[in-house]
Amino acid sequence: SAAISSGITDADGAFQISTYSLGDGAPVGDYAITMVWSKFDVMTRTQVGDHLQGKYASQDKTKIEWTIPATDVFDAGTIELKRK
């Protein structure tokens with residue numbers, strides 16, 4: 001099975017993608033980008049909820065697609081998300 005790449009934004013919305021180790025990026029290829037805007041629950045130590053109401057939460061719903069090139073740096077630019 002394919003590895004899953006992920007990232008968590010900082011307070012300014014910037015993020016780095018990790019696949020196998022922290023900040024190592026994503027393998028070259030085409031991706032359907034999924035995103036959730038959740039809150040960290042200190043009691044359960046998990047992320048909960050989605051302020052985006054699931055609009056970008058699955059591959060069949062998201063409209064965000066990236067092609068990761070064979071370069072050391074890929075800048076996705078500004079990603080504008082809408083709740084509705």
Side-chain angles (χ1 to χ4, degrees):
S1 76
I4 295 175
S5 302
S6 64
I8 297 176
T9 61
D10 63 17
D12 295 324
F15 60 93
Q16 289 187 346
I17 299 294
S18 301
T19 303
Y20 302 106
S21 61
L22 187 61
D24 67 347
V28 172
D30 297 325
Y31 292 85
I33 306 304
T34 60
M35 297 185 182
V36 294
W37 178 6
S38 58
K39 181 177 179 180
F40 185 72
D41 183 319
V42 293
M43 296 300 288
T44 64
R45 305 203 40 81
T46 60
Q47 297 292 130
V48 295
D50 183 2
H51 294 290
L52 299 169
Q53 303 165 343
K55 185 173 181 180
Y56 306 93
S58 64
Q59 289 183 10
D60 59 333
K61 289 184 178 184
T62 188
K63 302 283 190 250
I64 303 168
E65 296 179 344
W66 293 344
T67 298
I68 304 295
T71 59
D72 289 339
V73 176
F74 170 72
D75 185 346
T78 299
I79 303 163
E80 293 189 25
L81 305 175
K82 297 179 176 157
R83 292 185 198 205
K84 294 185 180 186

Pairs flagged by side chain to side chain donor-acceptor pair (under 3.5 Å) wherever residues 7-22 is involved - sequence neighbours left out: Ser5-Thr19
Heavy-atom closest contact (Asp50 atom, Met35 atom, distance): OD2-O, 4.4 Å
Sequence neighbours excluded, every pair satisfying ring pair (Phe, Tyr, Trp, His ring centres under 6.0 Å) that has a member inside residues 56-84: Trp66-Phe74
Nearest atoms (heavy-atom pairs only) where Val36 meets Ala57: CG1-CB, 3.8 Å
All side chain to side chain donor-acceptor pair (under 3.5 Å) counterparts of Thr62, not counting sequence neighbours: none
Whichever hydrophobic residues join Val73 through chains of side-chain contacts under 4.5 Å: none
Over all atoms of both residues, closest heavy-atom pair of Lys55 and Lys61: O-CB, 3.5 Å
Qualifying side chain to side chain donor-acceptor pair (under 3.5 Å) pairs with a residue from residues 24-41, counting only residues at least two apart or across chains: Asp30-Thr67, Ser38-Gln47
Ile33 CD1 to Lys63 NZ distance, which is reported to the nearest 0.5 Å: 14.5 Å
Nearest-0.5 Å distance that lies between atom CD1 in Ile8 and atom CD1 in Ile17: 10.5 Å
Sequence-distant partners of Thr46, side chain to side chain contact (heavy atoms under 4.5 Å, CB included), two or more places apart: Thr44, Val48
